[in-house]
Amino acid sequence: MELDAKIPSGPIEKKWEKHQFDMKLVNPANKRKYKVIMVGTGLAGGSAAATMGELGYDVHCFTFHDSPRRAHSIAAQGGINAAKNYQGDGDSIYRLFYDTVKGGDFRSREANVYRLAELSLNIIDQAVAQGVPFAREYGGLLANRSFGGAQVSRTFYARGQTGQQLLLGCYQALERQVAEGTVTMYNRHEMLDVIVIDGRARGIVTRHLVTGKIEAHMADAVILGTGGYSNVFFLSTNAKGCNVTATWRATKRGAGFANPCFTQIHPTCIPQSGEYQSKLTLMSESLRNDGRIWVPKKAGDDRPPHQIPDSERDYYLERLYPAFGNLTPRDIASRRAKEMVDAGHGVGPRKNGVYLDFRDAIERMGKDAVSERYGNLFQMYAKITGEDPYEVPMRIYPAPHYTMGGLWVDYNLMTTVPGLFAIGEANFSDHGANRLGASALMQGLADGYFVIPLTIGNYLADGPQGGVDGNHPAARDAVREVTEMQERLLAVNGNRSVDSFHMELGRLMWNHCGMSRNEADLKEALEKIPELRQRYWREVRVPGSGADLNQSLEKAGRVADFLEFAEMMCWDALTRDESCGAHYREEHTTEEGEARRDDENFAHGAVWEFRGAGEEPVRHREELTFEYVPLSQRSYK
Amino acid sequence: MKLTLHVWRQSGPRDEGRFETHRMDDVSPSMSFLDLLDMVNETITLEGGEPIAFEHDCREGICGSCGMMVNGVAHGPDDLITACQLHMRSFEDGDEIWIEPWRADAFPVMKDLVVDRSAFDRIVEAGGYISVRTGSAPDAHAVPVPKPDADRAFDAAACIGCGACVAACPNASAMLFTAAKAAHLSYLPQGQTERLERAMGMVATHDEEGFGNCTNHGACQVACPKGISVDYIARLNRDLMKATLTGVGMEGSGGD
Ligand SMILES: Cc1cc2nc3c(=O)[nH]c(=O)nc-3n(C[C@H](O)[C@H](O)[C@H](O)COP(=O)(O)OP(=O)(O)OC[C@H]3O[C@@H](n4cnc5c(N)ncnc54)[C@H](O)[C@@H]3O)c2cc1C
Ligand code: SF4
Ligand code: FES
């Protein structure tokens, strides 16, 4: 597997400009002759499909949802970063670049991150022009807030619904192109394979989720904007439909998968209320600005919170990190919460949370001011838990939230399979080992609006590939393989549901490859996953047929893929014998109990090559160099 | 809690459909309504049946996928929430619950509780956007937007496209959905240029798709999980009137 990142030469602030000039162009009159397949309509896929349509390509866009507007991006709450420096507080492209490289704990590619910071400006312009109703100040100009511990206010937001509003902007642009005839939409189509011919991606196989029809679609290039894989843990903040199938099947066709073990855990989610629970809800991180986190000092203390006097409470973040207190970064806040719960200090009926208490904030600023700031979050919490956070402290616990790992891509966002591209959360690009708050939306839109529409032209300019259709042997083979897999799943007819296996896998991954990891646990997971996978193929029951709407069958394919992918994740976590960002190996900690990087041996992206289900994948490396942001250790003491 | 559920089962668009009854003995009040459906489906699967098809994704009230009539009320008994945000503590031990899909000609049932809402996409296609090519936008601060306008635009833009308004309307009209999109854009300076054409285009498609006329019944506003106001419908109607009077968006008007 060859890993040439194709980083343009020259100083970092000139690379993208130079590259845009160096790239080959497709003659506008010819663009219509190029057929491009876009899978996914989230912020990444939706913006890419719309823009490529505007440019004149023949775009065919697929989603398993019933409408492009339902993609998981819709759920993003907090905001989107951009280095506009509208607040005049010293922000700049360079500072956003610097913060992102450092926040990613030096495991991302400088050139890509710089381009991301540069393009952040255009995203806000574009969104505003589309009518995205960002928050504004009384003077009519855009408002900003500081988010996730950033020292400047660079986050643009639309109440708690930033993702929704940005996605509606994309969706509207996309529908406009559908009306113009440049984009053909295929809703309720699930992509189940990539068709590779003569080493190039030339199409995909899809299943129509209503009729069950499995067919090949051919094109000159294929782009995946299919999101992240947090649902490998079963319980996560992601929408239920999020899955690894598209990127995993691409991996099985030769695309390298980079840093699968880099998964982000969000510290402020509502704890699980029972075994039946299907999904965890994120509570905005902004709550940590005024809420104080604590647990009872005495393990197993059953008293209701108001009966526990201050002297018997442990405000552990304030105790351990006097400078940052409750605002320590996501990974640290998450790990400390888990340690408290593991040591028996957990609170709530299931003893699986820590308190986030607004008592002092209410005393200090009054209930009205608290409600002004957090009213809708308090309401949401009350709806879900039935408890009133003005009276009883909230309970929170960390949950899987975002995946930095994804398909390896070069500077052009092309995977190791020529003609196959990956954008948004589906690729591994810009966040290194840890993503900063409000940067995922930025990356998805930078990729979709501004990068891929140009780099795809550079790839296509070599001339239309043409000459193949669904009758090509490779296409027919792929269709046959997809059909066979589906038939096998339906034929098992065992005695356990797909969900029960997904939950079992999720628990295993959470316990062995979750918030903190060690060699023994990971090795154990590598023994248990294949066992679980074998049981799955013997004992799962997938009711119904393949010939109509069958949600069990849809899930069954996705869980089968998670069961293979999980192993690659554990291999990655095991062989990355260091701690960095969100990847915390218990063997590698500083004296203060923080992640200790090993730059000498691990300043690289690990790129995995699939060799067969159950076989050890091959680990390749993309060495990373840091010319602009000097390597340094994080400290929040 | 013990509950009796009567769930609509329909194998496909041509099937007549019927209620199927499930008795659940072990329902926790802290479960969400969709957790409950998951639990029913787990039981059905293990008993060898076919689980109930229903749409859902985010399970936090924002994607607009879920949607069903619960005891005849769109998204169930509580105000301002979607079905996925409904929790079982809103019911009493021993309750009977009737669960049905949205019912509207323009939303044909595909299976069980799943309906086809693609008509909404086509309404948006007919003008529910601002035409701005990627990369051609001026600086975001070039056009200040008064905060009250921005806030009003946001209130309208909060629509999640769930279709509860249609399901609740005795005429199965989608005017609340259509008006919300039109209002979102028409409160903003960016949205003015195409405003009247947009109104004409979207309403024409609304009618072609088989949604009924709005007779100011107001049931849509009550059912809407996002509190979208019927005032937007009046606003859209004013735009339509203006468009008709000025001939904007009419074929062959020649544009002057
Ligand atoms: C609760 C929550 C809050 C968040 N808040 C923020 C925030 O405030 N700021 C921020 O920057 N980030 C936030 N994030 C992260 C951010 O929302 C996501 O990383 C981002 O939206 C991903 O966008 P995407 O376009 O890459 O993928 P998605 O939005 O996940 O879209 C994936 C698309 O691919 C399609 N798809 C997938 N697989 C297939 C297949 N096999 N066949 C066909 N179609 C397929 C889906 O239908 C969908 O259209 C949040 C995440 C969560 C979970
Ligand atoms: S107007 Fe309200 S009820 Fe109608 S689709 Fe939008 S959110 Fe749903
Ligand atoms: S599942 Fe998304 S709104 Fe209910």
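Proteins come first, then strands; the chains are lettered A, B, ... in the order of their sequence lines, and each starts at number 1.
Taking 4.5 Å as the limit, every side-chain heavy atom of A:R69 sits out of range of all side-chain heavy atoms of B:F120. Between A:Q130 and B:Q190, the closest side-chain pair of non-hydrogen atoms is not below 4.5 Å.
Annotation: residues 179-188 of chain A contacts chain B through A:A179, A:N187, A:R188 [non-hydrogen atoms, separation under 4.5 Å]. At a heavy-atom cut-off of under 4.5 Å, chain B is reached by A:T51, A:E54 from residues 47-54 of chain A, listed in order of number.
The two atoms that bring B:V124 and A:Q172 nearest to each other are CG1-CG, 4.2 Å, heavy atoms only. Nearest heavy atom pair, residue A:S497 against residue B:L46, reads N-CD2, 4.1 Å. Residue B:H87 comes nearest to A:K383 through the heavy atom pair ND1-O, 3.5 Å, listed as atom of the first residue, atom of the second, then distance. Pairing each heavy atom of A:T237 with each of B:E60, the nearest pair is O-OE1, 4.5 Å. For the pair B:I160 and A:R70, the tightest heavy-atom approach, listed with the atom from each and the gap, is O-NH1, 3.3 Å. For the pair A:R159 and B:D151, the tightest heavy-atom approach, listed with the atom from each and the gap, is NH2-O, 3.5 Å.
When each of B:T134, B:D112, B:I44 is checked for heavy-atom pairs under 4.5 Å with chain A, B:T134 comes out on top.
The CD atom of A:Q164 sits 6.0 Å away from atom CZ of B:F154, with the distance rounded to the nearest 0.5 Å. Of the inter-residue distances, the one linking A:N122 atom CG with B:D139 atom CG reads 10.0 Å to the nearest 0.5 angstrom.
Put simply, the side chain of A:Q165 gets close to the backbone of B:A157: a donor and an acceptor are under 3.5 Å apart. A:H65 places no side-chain N or O within donor-acceptor distance of the main-chain N or O of B:S65, the cut-off being under 3.5 Å. B:E125 places no side-chain N or O within donor-acceptor distance of the main-chain N or O of A:V178, the cut-off being under 3.5 Å. Between the side chain of A:D125 and the backbone N or O of B:A137, no donor-acceptor pair lies under 3.5 Å.
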Quiz item: When you look at B:E42 and A:S500, which way does the side-chain contact (heavy atoms from CB on, under 4.5 Å) test go after all the steps?
Solution: CA-CA 9 Å; B:E42 178 77 17; A:S500 76; 4.3 Å; yes
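For B:D35, the side chain to side chain contact (heavy atoms under 4.5 Å, CB included) partners two or more places apart in sequence, or in a different chain, are A:Y276, A:Q277, A:S278, B:M31, B:S32, B:D38, B:R59. By the side chain to side chain contact (heavy atoms under 4.5 Å, CB included) test, B:D15 pairs with B:Q10, B:S11, B:R18, sequence neighbours left out.
There is a side-chain donor-acceptor pair under 3.5 Å between B:S131 and A:R176.
With a 4.5 Å cut-off on non-hydrogen atoms, A:F450 touches chain B through its side chain but not through its backbone.
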